[in-house]
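Below: one structure, written as C-alpha cells.
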Amino acid sequence: MNIKFRLILMNFMQFFIWGAWLLTIGAYWFQNKHWSGAQFGVIFSTMGISAIFMPAITGIISDKFINAEKLYGTMHILGACVLFSLPLVTNPTTFFWVMLLNMIFYMPTLSLSITVAYSALKNSNIDIVKEYPPIRIWGTIGFIVALWAVSLTHNETSSNQFYIASAVSLALGIYSFTLPKCPPLLNKVDNKTFASSLGLNAFALFKSPKFAIFFAFSLLLGAALQLTNAYGDTYIHDFKNVPAYSDTIAVKYPAIIMSISQISETLFILAIPFFLRRFGIKYVMLFSMLAWVLRFGLFAFGNPADGLWMIVLSCIVYGMAFDFFNISGSLFVETQTTPEIRGSAQGLFMMMVNGFGALFGSFASGVIIDKFFTMSDQSKDWHGIWLCFAVYALVIAVIFPFVFRYKHNAALERAIQNVQH
C-alpha cells in the first residue's frame, strides 16, 4: 500500500475517534444523564490533565525503549477498552476517572502519530513540508465524518457514540502494528540529557517577558477553545425544549451544524500565509481573538430558525479563531527560539494551550455556568453564557496588542516561504 495513503488512513481514524464523541459528549451528559454543569467542566478537564504530562512521558518511552508505532498502537487498543466501558458508568465521579484514563491513552497518540508519520516519510525520502499537510488534513475530514455519522444515526445523546469510537480505536490500534518501523533513537545520541528529553529546558523561555506574555495568552486562548468544544453541541440540543425550534434541521442534527467549524478550519489554513505576510504574527493573533468574540457573540443571539445564519456564521468564524492563533503561534515559537530548543518549545506551547488552558477553561466555565446561568429547573441561560464568554474573549483582545511587543521580521518571512514551498 502507498505510504502516503497508509498515513492518510492513520490520520483519518486518529481524529475519527475523537470526533465521534468530543462535541457530543455534552449532549450525552446533559440530555441523557442530566448531571450538573460543574461536574461536566471537571470531565472536560481530563484532556488538560493528560496533555500536561503524558506526551512527554510517551515521548521518552518511544525515544529510548519502544518503537513509536507499537506504542501508538498499544495506546489505541487500551483506549478502545476504556471507551467501551464508558456507557457502563452510572455516576459522575466514576465517569471522571474512566474518562481521565481514556485521555491518558489518547492524548499522547496525537504527538505519536506525528512522530510515526514524519519517520515514515523521511525513510521514504518524501518531502515532509510539502507532503505532510495534505495527509494531515484527512484527520480533520475524519473528525467531520465521525460527527456526521453520530448525528445522522441520532446517537448524539446515546452511549453508542462511545461504542463507535471504541471500534475505530481498536481497528487503528491493530492497524498501527503494520505501519513502517519507527525505532528508538535517543540512546544513539550521546549529549541528549534527561531534562532535554522532557522539554524542561524550554521553561527558561518564561524568563523572557515576550515569551511569558505569549504563553499566558496561549493559556487564555486554550480556555476559549475548551468552551466551544464543551458546550457548542448541547447548546443547540437545548433548543428542542422550545416548541418553535424543536422540529428545525439544526436541532435534529446539531453535530452536522457544528461540523461546519471543522470544514472552515481546513479552509482558513490556506489563508494563513497571506495574512501573515500582510499583517504579521501579532495582528494575526489579534484577529484570532476578535474571531472568538464573534464566535461566542453570534451564538448568543442565534437560533435554529430565523437566526440559523448566526450559528452557521459562528461556525465559519471558528476556522479563523482556531487556526490563526495555533498556527501563527507555532510559527512565532519556530522563528523566535534557538534550534536547540525549538522542539521542546513547541511542546511547551501545546502544553499551555491544550494542557493548562484546557484545565482553566473546564473548571472555570463549569463553576460559572452552574453559579450564574443555571435556572432552578436546571435549564441553561445560553444567551447569558455566550455573552459572558464573548466578553472574556473581548477583554483578552483589548489587552493583547498593548502588552505583547513584537514586530514582523525577516525570519518570519523565510518561515512563511518554507511553508508555502
Side-chain angles (χ1 to χ4, degrees), residues 7-29 31-32 43-44 46-47 50-51 72 75-76 79-80 82-84 86-87 99 102-103 105-114 117 135-173 175-176 225-237 250 252-269 295 314-316 318-319 321-323 326 354 358:
L7 296 177
I8 284 172
L9 184 58
M10 178 189 76
N11 274 275
F12 183 90
M13 288 193 286
Q14 170 73 42
F15 287 92
F16 185 103
I17 296 164
W18 215 4
W21 65 265
L22 180 64
L23 301 187
T24 53
I25 190 175
Y28 174 77
W29 183 276
Q31 310 291 330
N32 188 318
I43 293 300
F44 250 71
T46 57
M47 283 186 288
S50 57
Y72 178 70
M75 287 289 175
H76 274 301
V82 178
L83 282 167
F84 192 84
L86 264 176
M99 180 53 74
N102 174 55
M103 297 318 296
F105 292 138
Y106 183 82
M107 290 307 287
T109 64
L110 295 172
S111 55
L112 284 170
S113 67
I114 296 174
I135 292 172
R136 170 57 183 82
I137 205 169
W138 282 92
T140 302
I141 293 172
F143 193 99
I144 294 168
V145 171
L147 269 176
W148 281 57
V150 169
S151 185
L152 291 173
T153 55
H154 300 287
N155 283 311
E156 294 184 34
T157 61
S158 166
S159 59
N160 288 338
Q161 60 187 283
F162 303 116
Y163 291 131
I164 293 170
S166 175
V168 177
S169 184
L170 179 61
L172 177 54
Y175 171 73
S176 299
L225 173 62
Q226 195 70 359
L227 300 176
T228 195
N229 281 343
Y231 300 105
D233 189 70
T234 193
Y235 150 70
I236 300 178
H237 262 289
K252 290 180 179 178
Y253 304 103
I256 291 179
I257 298 298
M258 293 301 294
S259 72
I260 296 172
S261 299
Q262 279 66 46
I263 297 171
S264 170
E265 182 186 332
T266 64
L267 298 176
F268 270 103
I269 289 175
R295 164 70 157 176
S314 174
C315 291
I316 293 173
Y318 170 87
F322 178 81
D323 287 330
N326 280 269
N354 296 321

Q: Can you sort out the partners of T153 under side chain to side chain donor-acceptor pair (under 3.5 Å), two or more places apart, ordered by chain and number?
A: N155
Q. Can you find a pair of side-chain heavy atoms, one from F143 and one from L22, that are under 4.5 Å apart?
A. yes
**Q.** For the student: nearest non-hydrogen atoms of S113 and M10, plus distance
**A.** O-CE, 3.4 Å
Q: Look at atom OH of Y163 and say whether more than 12 heavy atoms of other residues, nucleotides or ligands are closer to it than 6.0 Å.
A: yes
Q: Please round to the nearest 0.5 Å and tell me the distance separating atom CD1 of I263 and atom CD1 of I141.
A: 9.5 Å
Q) Does any N or O in the side chain of S151 come within less than 3.5 Å of the main-chain N or O of L147, such that one atom is a donor and the other an acceptor? A) no
Q) Side chains of M75 and S176: does their closest heavy-atom pair fall under 4.5 Å? A) no
Q) Among all residues two or more places apart in sequence or in another chain, which pass the side chain to side chain contact (heavy atoms under 4.5 Å, CB included) test with A80? A) S166, S169, L170
Q) By side chain to side chain contact (heavy atoms under 4.5 Å, CB included), which residues pair with L110, not counting sequence neighbours? A) Q14, F15, W18, Y106, M107
Q) Which heavy atom in P87 sits nearest to a heavy atom in S159, and how many Å separate them? A) CB-CB, 3.5 Å
Q. Is there side-chain contact between W138 and L7, with heavy atoms separated by less than 4.5 Å?
A. no
Q) Got a second to check how far H154's NE2 is from N160's CG, nearest 0.5 Å? A) 12.5 Å
Q.
Restricting to non-hydrogen atoms, name the atom on I164 and the atom on A20 that form the minimum distance, rounded to 0.1 Å.
A. CG2-CB, 4.5 Å
Q: Give, for atom CG of L86 and atom CG of N102, the distance between the pair rounded to the nearest 0.5 Å.
A: 6.0 Å
Q) Which atom pair, heavy atoms only, marks the closest approach of F268 to I316? A) CE1-O, 3.3 Å
Q) Closest approach of A165 and W21, non-hydrogen atoms and distance? A) CB-CD1, 4.0 Å
Q: Would you please name every residue forming a ring-ring contact (aromatic ring centres under 6.0 Å, His included) with Y235, sequence neighbours left out?
A: F239, F299, W382, W386
Q: Go through the structure and list residues passing side chain to side chain contact (heavy atoms under 4.5 Å, CB included) with N32, not counting sequence neighbours.
A: Y28
Q: Identify the two heavy atoms, one from F105 and one from T109, that lie closest to each other, and give their separation to 0.1 Å.
A: O-CG2, 3.3 Å
Q) So how far is it from T46 OG1 to M99 CE, rounded to the nearest 0.5 Å? A) 6.0 Å
(Q) My understanding is that only residues two or more places apart in sequence, or in another chain, count here; which of them pass side chain to side chain contact (heavy atoms under 4.5 Å, CB included) with T140? (A) R136, I144, Q262, E265, T266
Q) For the atom pair OG1 (T157) and CH2 (W29), what is the distance rounded to the nearest 0.5 Å? A) 15.0 Å
